[in-house]
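Report on the structure given below.
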Amino acid sequence: MTAASDSWTIASAADAARVRALLARLTADAGVPALERARFLAVLGSRLRRGLGEGRTELTVSAESAGCSLCDGSDRAGSGAAGPGGALRVVLDGPEPWQHTLACPVPVVGPLPGPGDAGLAEALLDADEAAAGLLAHLDETEELVRFHREELHQTNQGVLALHAELEAAALAQREHLEAERAARAEAENARRLLTFLADASAVLNASLDHEDILRRLPGLLVPEYARHVDIWLVDDEGTPPGARAAATVTAARTGRPQHAGVHPGGLPGVDDLPASALSPDRPLLCLPLGARTVRGVLTLAAPGDRFDADTTVMLLELARRAGIALDNAHAYEQHRDVAEALQRAQLTELPDTAGLALAARYLPATHGLNIGGDWYDAFSQPDGSVLTVIGDVTGHGLRAAVIMGQLRTALRAYAVQGNGPARILTLLHRMLRHQEPELYATCAIARFTPGEPGVVWAAAGHPPAVARGPGGEVRVLEARPGIMLGVPMPYEYEEHTLDLPAGSTLALYTDGLVERRSAGIDAGIDRLVRAMGALGALELEDLDAAADSVLKPMLHDSEHDDDICLLLCRTAEDAAQE
């Protein structure tokens with residue numbers, strides 16, 4: 001390590017200027033950067049100016065070679081450590097002591113020049129050159145700052161664009177979520193409407209009674225889909241009053257749904273009536289009922305301020321299905337009425353015969369199409385005997401009623417030929433096998449002969465007759481009944497003789513009397529036996545009253561799926577003597 005130093009006394013401004021010029025040259029020769037050199041010289045000049053006004057000031061300058069650390073923590077503008085070439089250390093003694101160390105890229109070798117060696121003119125030129133270098137450096141720095149400022153601006157613009165994109169993406173996501181939520185709500189509403197439509201259709205189609213269908217409609221619609229419901233049938237004598245009548249009559253006349261309200265509804269498939277002609281308290285929706293013809297109008301008052309479009313579409317379909325259910329109910333009722341009328345027209349008026357009292361009852365099924373297969377008959381033979389018949393044709397409706405009439409006519413024809421009960425059934429079996437191979441029937445025939453206490457009977461797959469003796473004892477005729485009429489196989493029926501004392505009652509019936517879905521036929525026969533045993537003396541005197549008394553406990557539930565025939569035959573007390 002090498003070192004050189006020198007000291008100067010600063011007594012005047014000229015001394016201070018020369019020292020400053022000396023240090024400007026030294027720092028420039030040592031390669032100190034212009035900015036750092038300018039900072040150092042500015043601080044030094046300020047210290048020297050203050051020192052001149054306060055007394056004598058000593059300035060010491062030391063030059064150190066590379067490897068010498070001069071850092072002592074003093075107030076300085078440089079780094080305080082020796083650079084690759086060395087360092088300059090400046091110490092100012094006086095009222096305000098100060099020292100500073102500059103790192104020098106170029107080595108500083110002694111001896112140091114004195115202040116007199118630095119001419120002021122040359123120092124000024126050097127200062128101008130240094131200032132020019134400093135200004136150039138400042139220009140470069142400013143350009144660099146401007147460049148970084150532009151980069152920062154572009155970065156800010158990119159950040160703003162990214163922020164805008166993120167905002168747009170967030171908005172699009174929110175819109176997507178809202179659309180998805182709306183679609184899900186719409187799908188859920190559609191599912192709810194379809195579920196209601198399916199359930200309501202099942203309720204309406206479960207009945208074939210048009211009055212029952214009309215009773216069920218308000219319960220289905222109020223209060224969720226309508227505040228209240230009015231149903232006007234075309235064949236009704238009166239119509240609802242006021243605006244409701246206008247909308248209802250228009251819907252019935254045109255066959256198109258009508259909307260009545262202060263403001264147009266704009267509903268799909270619905271016509272808007274002029275608001276000037278109507279003033280309902282809330283919107284009304286009038287829906288025609290009937291698939292082929294308008295049978296009535298269903299008028300709904302809106303549950304809120306207006307009718308929803310999707311709900312209206314469902315209501316239109318429900319009204320259409322209700323119209324189909326009403327059409328089916330009317331068709332069924334017409335079919336039932338015709339079948340029942342034909343059935344009753346073919347039932348025999350019971351003959352008035354000596355020694356034998358007869359009473360019969362026919363009851364159609366309370367629901368379903370189970371009408372048209374059951375019949376009873378009673379007629380006198382040329383030999384004076386009386387044949388009583390009970391029968392049931394499989395199937396129902398008009399076809400069963402027609403076949404029943406054919407069997408009744410054929411049976412009478414075979415009886416006129418003098419055939420007994422078993423032979424008559426055999427001939428009927430053959431006829432039915434050939435003419436109606438897919439239709440079957442059950443039948444029981446009992447022949448009462450004047451002067452004979454017993455009864456001769458035969459059965460073809462029919463429920464057993466029940467006999468009540470004059471003392472009240474009841475028994476079931478358990479003999480083998482034979483196969484049903486029409487079964488595709490040859491068969492000869494057998495006759496049976498029953499001892500029936502005077503005053504006895506024989507009950508012939510069809511399975512509708514004793515058979516129920518909830519219980520087997522045996523339980524029904526047991527009930528019939530108890531009902532026959534419970535008949536009193538007065539009821540036996542009036543056989544019609546006895547028939548009603550037997551039916552009452554048998555039909556306590558008032559509902560039966562099949563039609564019913566009951567034929568009571570009572571031998572008079574003096575039948576054996578006649």
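Below, each value reflects all heavy atoms present in this structure, side chains not excepted, and no hydrogens, waters or symmetry copies.
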Anything under 3.5 Å between a donor and an acceptor, one on a side chain of residues 192-206, the other on a protein residue two or more places apart or in another chain? List them.
unit_1, atom_1, unit_2, atom_2, d
Arg192, NH1, Glu224, OE2, 2.7
Arg192, NH1, Tyr225, OH, 3.0
Arg192, NH2, Asn189, OD1, 2.5
Thr195, OG1, Arg191, O, 2.8
Ser201, OG, Leu197, O, 2.7
Ser201, OG, Arg321, NH1, 2.9
Asn205, ND2, Ser201, O, 3.1

dist Gln173:CD -> Leu166:CG (nearest 0.5 Å) comes out at 11.0 Å

| said: Side chains of Val32 and Leu88, heavy atoms from C-beta outward: is any pair under 4.5 Å? | reply: no

Q. Do Glu178 and Arg174 sit within salt-bridge range, that is, some charged N less than 4.0 Å from a carboxylate O?
A. no

By side-chain contact (heavy atoms from CB on, under 4.5 Å), Arg306 pairs with (sequence neighbours left out) none

For residues 154-174, the ring-ring contact (aromatic ring centres under 6.0 Å, His included) pairs (sequence neighbours left out) are none

Residues 166-186 vs ring-ring contact (aromatic ring centres under 6.0 Å, His included), sequence neighbours excluded, gives none

(message) Around atom CD of Glu151, are there more than 12 heavy atoms from other residues, nucleotides or ligands closer than 6.0 Å?
(response) yes

Presence of salt bridge, Arg39 and Glu36, under 4.0 angstrom:
no

Is a side-chain donor or acceptor of Arg20 paired with a backbone partner of Gly45 at a separation under 3.5 angstrom? no

With a 3.5 Å cut-off and no angle check, do the side chains of Ser207 and Asp212 form a donor-acceptor pair? yes

To the nearest 0.5 Å, atom CD1 of Ile231 lies from atom CD1 of Ile213 at 10.5 Å

Hits for side chain to side chain donor-acceptor pair (under 3.5 Å) against Ser46, two or more places apart or cross-chain, chain-then-number order -> Arg50

Taken to the nearest 0.5 Å, the spacing of Leu171 CG from Glu175 CD works out to 4.0 Å

Rounded to the nearest 0.5 Å, the CG atom of Leu285 sits from the CD atom of Gln258 at a distance of 9.5 Å

The reported gap from CZ in Phe40 to OG1 in Thr101 (rounded to nearest 0.5 angstrom) is 9.5 Å

The side-chain contact (heavy atoms from CB on, under 4.5 Å) partners of Ser7 (sequence neighbours excluded) come to Thr60

To the nearest 0.5 Å, atom CZ of Arg89 lies from atom SG of Cys104 at 13.5 Å

Exercise. Evaluate whether atom CG of Asp305 has more than 12 neighbouring non-hydrogen atoms of other residues, nucleotides or ligands under 6.0 angstrom away.
Key: no

